[in-house]
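Read the structure below first, then the notes.
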There are 2 protein chains.
Amino acid sequence: MHSDPVASRSAEHRDSRESRNGSTPHLDAVSLAIIEQLQEDGRRPYAAIGKAVGLSEAAVRQRVQKLLDQGVMQIVAVTDPLTVGFRRQAMVGINVEGDVESVADALSAMPEVEYVVMTAGSFDVLAEIVCEDDDHLLDVINKRMRAVPGVRSTESFVYLKLKKQTYMWGTR
Amino acid sequence: MHSDPVASRSAEHRDSRESRNGSTPHLDAVSLAIIEQLQEDGRRPYAAIGKAVGLSEAAVRQRVQKLLDQGVMQIVAVTDPLTVGFRRQAMVGINVEGDVESVADALSAMPEVEYVVMTAGSFDVLAEIVCEDDDHLLDVINKRMRAVPGVRSTESFVYLKLKKQTYMWGTR
DNA sequence: GTGAAGTCTGCGGATTCCGCAGATCTCACA
DNA sequence: TGTGAGATCTGCGGAATCCGCAGACTTCAC
């Protein structure tokens, strides 16, 4: 048998069964390790990943495809829209009366909204928006977002400068 | 000459010169189009991208490499840490007295901090943090972040559920 | 004990990646 | 106006990678 940098394979399988999260199931240590590799470089070859996690090239490929199909992970190019230019960006904190999730869904449906998260604290929902310019920003916040049923109030934080943006939660 | 889906090449060059953003220079329409392609699929082959934007495979490869080297773009796997499991995540709004940028830099240096942005509004800085558990979260916020010189106050928004996460600003 | 489902491995063949040399264009400067 | 440096694009092979598939193995339910 080849060396196994992560752990015993069969043990992983048993672990993955006892996922108490009903929605998105089963992420064993090997898949975690694969995701970590792709967090460092989304274009890393499958063979190199396989060597790092102790799997064949084909097995890595099948796992990655499955993770993508399930929506657990996506491999994409990320930028700073402000650096790329000509756009206004903001985080909007929202207070909701009634069903929070339906408001979050309505916000998620808007193309200018890149990021929506339900939170505990003095806001019920946080939404990040990317706009063409100030007029567009004003339109999205004051017309469209405030018009969503259940939105009680909003507070905006216009982005001045992005200082850090990483995806390295795995590698610590 | 082949068809040119984006625009005239030489015209692009002229456009790219007049970038009034001193920090990160020059992003012409072709590079924008390449980024859009990679926002849809970070592993899309260079040849396919070249066909879409009207460039040869080698030219796309050189441009992508340059964008990566310059830090304009990164190609990575992104997930929802909450879905992946066993972690607490929060957005922290911060008020600063004195130099905001130095505070932002200090926060950026912390490994648990994934995202830092300077803002206009009732917070000076927003920081997103990913922690192992509640104890870790408490430690990072109350011990480490509040200890940064210049931090006047913080307010936390613990993540309950991520509803949307895209990187499609280009394709609208 | 047996069959279905899931996963891993190994293996070609097609595709892609990669470095390099030459051509083209722009721009600065004499 | 001419010239040379710098940047970018194209085309081309050779190496590496991607991709589908068939077989083997394990687990699980019945």
Side-chain angles (χ1 to χ4, degrees), chain A residues 1-19 24-35 37-38 40-70 72-77, chain B residues 1-19 24-35 37-38 40-70 72-77:
Chain A
M1 182 189 236
H2 56 60
S3 68
D4 204 333
V6 176
S8 157
R9 195 78 38 73
S10 50
E12 300 309 327
H13 275 257
R14 255 178 277 116
D15 285 347
S16 68
R17 297 294 167 184
E18 48 160 347
S19 168
T24 311
H26 331 310
L27 264 211
D28 61 25
V30 178
S31 290
L32 262 296
I34 291 174
I35 294 175
Q37 293 287 317
L38 290 170
E40 291 179 16
D41 176 6
R43 275 183 170 260
R44 184 161 295 169
Y46 295 131
I49 298 172
K51 184 167 294 186
V53 307
L55 236 54
S56 70
E57 180 266 350
V60 172
R61 177 156 38 88
Q62 290 163 12
R63 284 206 184 221
V64 168
Q65 193 54 54
K66 192 175 167 188
L67 290 170
L68 295 173
D69 290 342
Q70 289 177 156
V72 174
M73 166 184 82
Q74 43 183 333
I75 299 176
V76 293
Chain B
M1 186 187 226
H2 57 61
S3 69
D4 205 331
V6 176
S8 157
R9 195 80 36 71
S10 50
E12 300 311 324
H13 275 257
R14 253 179 279 118
D15 285 348
S16 69
R17 297 294 166 184
E18 47 163 348
S19 167
T24 310
H26 328 313
L27 264 210
D28 61 24
V30 178
S31 290
L32 262 297
I34 291 174
I35 294 175
Q37 292 287 318
L38 291 170
E40 292 178 16
D41 175 6
R43 275 182 168 261
R44 184 162 295 169
Y46 295 130
I49 298 171
K51 183 168 294 187
V53 306
L55 236 54
S56 70
E57 179 267 352
V60 172
R61 178 157 36 90
Q62 290 163 12
R63 286 210 184 215
V64 168
Q65 193 55 53
K66 191 176 168 188
L67 289 170
L68 295 173
D69 291 341
Q70 288 177 159
V72 174
M73 166 185 81
Q74 43 184 334
I75 299 175
V76 293

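Sequence lines set the chain letters: A, B, ... in the order given, protein chains first and strands last, and positions in each chain run from 1.
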Q. Rounded to whole angstrom units, what separation is found between the CG atom of A/Leu55 and the C1' atom of D/dC18?
A. 17 Å
Q) Under the side-chain contact (heavy atoms from CB on, under 4.5 Å) test, which residues partner B/Arg44, sequence neighbours left out? A) B/Gln37, B/Glu40, B/Asp41, B/Ala48, B/Ile49
Q.
Ignoring hydrogens, what is the shortest heavy-atom contact between A/Gly50 and A/Val60? Give both atom names and the distance.
A. CA-CG2, 3.5 Å
**Q.** Sugar-phosphate or base contact per nucleotide [nucleotides 14-21 of chain C; S, B, -; heavy atom under 4.0 Å]
**A.** --SBBB--
Q. Side chains of A/Asp28 and A/Arg63: does their closest heavy-atom pair fall under 4.5 Å?
A. yes
Q. Out of C/dC8, C/dT7, D/dT10, which has the shortest distance to the side chain of A/Ala59?
A. C/dC8
Q. Taking OP1 and OP2 of D/dA7, is either one under 4.0 Å from a side-chain nitrogen or oxygen of B/Lys66?
A. no
**Q.** Interatomic distance, B/Arg63 CZ vs D/dA7 P [rounded to whole Å]
**A.** 14 Å
Q. Got B/Ile75 and B/Arg43 here, is their nearest side-chain heavy-atom distance under 4.5 Å?
A. no
Q) By side-chain contact (heavy atoms from CB on, under 4.5 Å), which residues pair with B/Gln74, not counting sequence neighbours? A) A/Val78, A/Gln165, A/Tyr167, B/Val76
**Q.** Protein-nucleotide distance (B/Lys51, atom NZ; D/dT10, atom P), rounded to Å
**A.** 14 Å
Q: Take atom CG of A/Leu27 and atom P of C/dT7, then tell me their distance rounded to the nearest Å.
A: 12 Å
**Q.** pair A/Lys66-A/Val72: side-chain heavy atoms closer than 4.5 Å
**A.** no
Q) Do the side chains of B/Leu38 and B/Leu67 get nearer than 4.5 Å, heavy atoms only? A) no
Q: Give the minimum heavy-atom separation between A/Ile35 and A/Met73, together with the two atoms involved.
A: CG1-SD, 3.8 Å
Q. At how many degrees, to 10°, do the end axes of the helix from C/dG1-D/dC30 to C/dA30-D/dT1 meet when each uses five pairs?
A. 30°
